[in-house]
**Student:** 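A single structure is presented below for examination.
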Amino acid sequence: MPLLRTGSLPWNPALAKAAESLRAGLAGAGPDEWTEFDKAIEAEGVARHQAVLDGIELYRRHPYRRALPPPAVLWRQGTTSVLDFRAGPEPGSGGLPVLVIPSLINRSYILDLTARRSLLRYLAAHGFAPFLVDWDAPGAEETGFDLTDYIAGRLCAALDAVVAATGGTVALVGYCMGGDLALALAQLRPDAVSALALLATPWDFHASREAHGALMRALAGPLGRVIAQVGNVPVDMLQSMFAALDPTLNGRKFAAFARLPQRRAKARDFVALEDWANDGVALAGPVAHECLFGWYGDNTPARGGWRVAGRVVSPAAIRCPTLAIIPERDRIVPPDSALPLAAAIPGCRLVTVKGGHVGMLLSSRAKTEVYGPLAKWLVRSALHNTGCATPRPRTKRLAVISSSDGRNDRGKDSKRRTLP
């Protein structure tokens, strides 16, 4: 209040004019008017906090539980597996093989959240042979993994399994950090990769965020010692890092959720997404060093310093057809970070969409802005590569996989959700 009285309160530029009008209007107010104004501000603040708390409690008690029937497991090694979303089990079924690679930081089912919000089930329904890498949480072996172990080891073996199962070269689709892994895999195994699609994939980690790089470099010593002692970056620490990108997001989204009719699909979609967001996994210690202090601290990918299996990961070395889909309102991977990667890959086709990092996959526009264009591009790229079967007409056999629409039997699970 003293800062408001003197006009020295710092305002968002978009609010500065309205704030000055408010200050001028209160300039002649007496003590009683200021007391009433102060009470009004307090009441509004309490109401907003209560709305957040109401939203959190509604989320914790919501009856939705993920109930999608799981796809078959094609291949498994350690905690890593490849999930088979093909519409039919016979060899070669489903048309063009597509291997989708998610980030190591979050659970893979963001790409198969519900029957209505699933990139994998969409591709299967449109005649592709889609497979999803499921990293799961690092086990005893994976805790010592670096990115070379994951890419030259696990991903190469997973790619070989898909090639053996389908009899042709494979298109790679990488989401977020998974796009960086897919890029390195395409460079290592050009013989087995027919096309490469990068969804919201970061590359220049200092673009518009040099301060983050300075912070990571400053934390390299103390945080590095914590990682060495624990062996990984715990889930809660990762959640805190993501929350720091937009500190007011949780308050806004839970207050908005409190206003939703709780039996509607939109409320179920919110709960499904929050369940996924709160179902994180730890990041293996060597990978954390490579990403936090290498990628974010020293910007090794954009500076040509990121190596996998002893080779510099170079976008210029990619020769297969490549597509980059970049959301304009992405706060996790700002466009300034993703665009340099698209520009560095010869002949890369660039598509920008209006959504955010997760919204590009799950919003009501996802099928028209991302799923559909991606599927069409995959078909066109397959026509330029020998040995790749083109997608067959959509099949109703997918119903074996997607018989549930994500709704839940209310009586099956009454446990309250907990937040990290």
Side-chain angles (χ1 to χ4, degrees), residues 1-61 205-219 236-237 239-262 264 266-267 269-271 273-274 277-278 296 326-337 339 352-360 363-365 419-420:
M1 289 302 169
L3 293 176
L4 177 62
R5 285 176 182 269
T6 61
S8 58
L9 188 67
W11 290 95
N12 182 313
L15 300 174
K17 185 175 181 180
E20 177 57 27
S21 176
L22 172 64
R23 191 193 67 80
L26 291 168
D32 291 342
E33 288 85 356
W34 273 97
T35 298
E36 292 303 315
F37 181 70
D38 184 65
K39 290 180 179 179
I41 293 293
E42 180 182 3
E44 177 66 19
V46 169
R48 292 190 184 190
H49 281 286
Q50 188 59 51
V52 175
L53 295 175
D54 291 344
I56 291 174
E57 190 61 22
L58 286 169
Y59 162 69
R60 296 178 67 200
R61 295 183 179 278
F205 288 82
H206 288 181
S208 304
R209 289 184 170 179
E210 174 57 34
H212 290 186
L215 177 61
M216 280 297 120
R217 291 192 294 273
L219 290 175
D236 288 351
M237 187 178 292
Q239 293 278 30
S240 297
M241 291 178 181
F242 281 116
L245 296 175
D246 187 354
T248 66
L249 175 61
N250 279 324
R252 298 198 311 271
K253 69 182 181 182
F254 279 108
F257 176 65
R259 297 192 294 268
L260 289 178
Q262 296 298 297
R264 298 287 179 86
K266 192 171 182 179
D269 288 344
F270 176 92
V271 174
L273 179 57
E274 283 304 303
N278 292 315
Y296 283 92
I326 299 176
E328 295 176 350
R329 295 196 292 268
D330 194 337
R331 296 193 180 197
I332 304 297
V333 180
D336 286 350
S337 175
L339 286 169
T352 59
V353 295
K354 294 181 179 180
H357 190 75
V358 175
M360 72 178 298
S363 74
S364 58
R365 302 187 305 270
L419 298 175

**Student:** Judged by atom type as modelled, is there a donor-acceptor pair below 3.5 Å linking the side chain of Gln239 to the main-chain atoms of Ala277?
**Tutor:**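 It does hold such a pair.
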**Student:** Yes or no on salt bridge (Lys or Arg N to Asp or Glu O under 4.0 Å) for Glu57 and Arg60, after CA distance, side-chain angles and deciding distance?
**Tutor:** CA-CA 5 Å; Glu57 190 61 22; Arg60 296 178 67 200; 3.6 Å; yes
**Student:** Taking all heavy atoms of Gly356 and all of Pro327, pick out the closest pair and write down the distance.
**Tutor:**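 The answer is O-CB, 3.6 Å.
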**Student:** Can you list the residues that meet the ring pair (Phe, Tyr, Trp, His ring centres under 6.0 Å) rule with Tyr296, with sequence neighbours excluded?
**Tutor:**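 Per chain and number, Tyr296 pairs via ring pair (Phe, Tyr, Trp, His ring centres under 6.0 Å) with Phe205.
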**Student:** Can you name the nearest heavy-atom pair linking Val52 to Phe254, along with the distance?
**Tutor:**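 Smallest heavy-atom distance, with atoms named: O-CB, 3.9 Å.
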**Student:** As an exercise, state the distance from CG of Leu260 to CG of Asp269, rounded to the nearest 0.5 Å.
**Tutor:**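 If I round to the nearest 0.5 Å, the distance is 10.0 Å.
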**Student:** For the atom pair CD (Glu274) and CD1 (Ile56), what is the distance rounded to the nearest 0.5 Å?
**Tutor:**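 These two atoms lie 9.5 Å from each other.
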**Student:** Could you tell me which non-hydrogen atom of Ala207 sits nearest to which non-hydrogen atom of Asp336, and how far apart they are?
**Tutor:**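 Ala207 and Asp336 have their closest heavy atoms at CB-O, 3.3 Å.
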**Student:** Taking all non-hydrogen atoms of both residues into account, name the closest pair between Met360 and His357 and its distance.
**Tutor:**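 Here Met360 and His357 meet closest at CG-O, 3.4 Å.
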**Student:** How far does CG of Leu219 sit from CE of Met241, to the nearest 0.5 angstrom?
**Tutor:**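 Spacing of CG (Leu219) from CE (Met241) equals 7.5 Å.
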**Student:** Below 30° counts as parallel, above 60° as perpendicular, anything between as tilted: where do the rings of Tyr59 and Phe257 land?
**Tutor:**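 If you compare the ring of Tyr59 with that of Phe257, the planes turn out perpendicular.
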**Student:** Of all heavy-atom pairs between Leu26 and Trp34, which one has the smallest distance, and what is that distance?
**Tutor:**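 That would be O-NE1, 3.4 Å.
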**Student:** Roughly how far apart are Ile332 CD1 and Asp246 CG, rounded to 0.5 Å?
**Tutor:**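 Between atom CD1 of Ile332 and atom CG of Asp246 there are 8.5 Å.
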**Student:** Give a yes or no on whether a salt bridge exists between Glu20 and Arg23, defined as a side-chain N under 4.0 angstrom from a carboxylate O.
**Tutor:**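 A salt bridge is present here (some side-chain N lies under 4.0 Å from a carboxylate O).
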**Student:** Restricting to non-hydrogen atoms, name the atom on Gly213 and the atom on His206 that form the minimum distance, rounded to 0.1 Å.
**Tutor:**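 Looks like CA-NE2, 3.6 Å.
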**Student:** Can you find a heavy atom in the side chain of Arg331 that is under 4.5 Å from one in the side chain of Leu249?
**Tutor:**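 Answer no - side chains too far apart.
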**Student:** Could you tell me which residues satisfy side chain to side chain contact (heavy atoms under 4.5 Å, CB included) with Arg365, sequence neighbours excluded, listed by chain and number?
**Tutor:**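 Side chain to side chain contact (heavy atoms under 4.5 Å, CB included) list for Arg365, sorted by chain: Arg329, Lys354, Ser363, Thr368, Glu369.
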**Student:** Please, which pairs that meet salt bridge (charged side-chain N to carboxylate O under 4.0 Å, His left out) have at least one residue in residues 25-35, sequence neighbours excluded?
**Tutor:**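 Output for this query is empty, none listed.
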**Student:** Between Leu58 and Phe270, is there a side-chain heavy-atom distance shorter than 4.5 Å?
**Tutor:**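 The answer is no, as the side chains (C-beta and beyond) never meet within the 4.5 Å cut-off.
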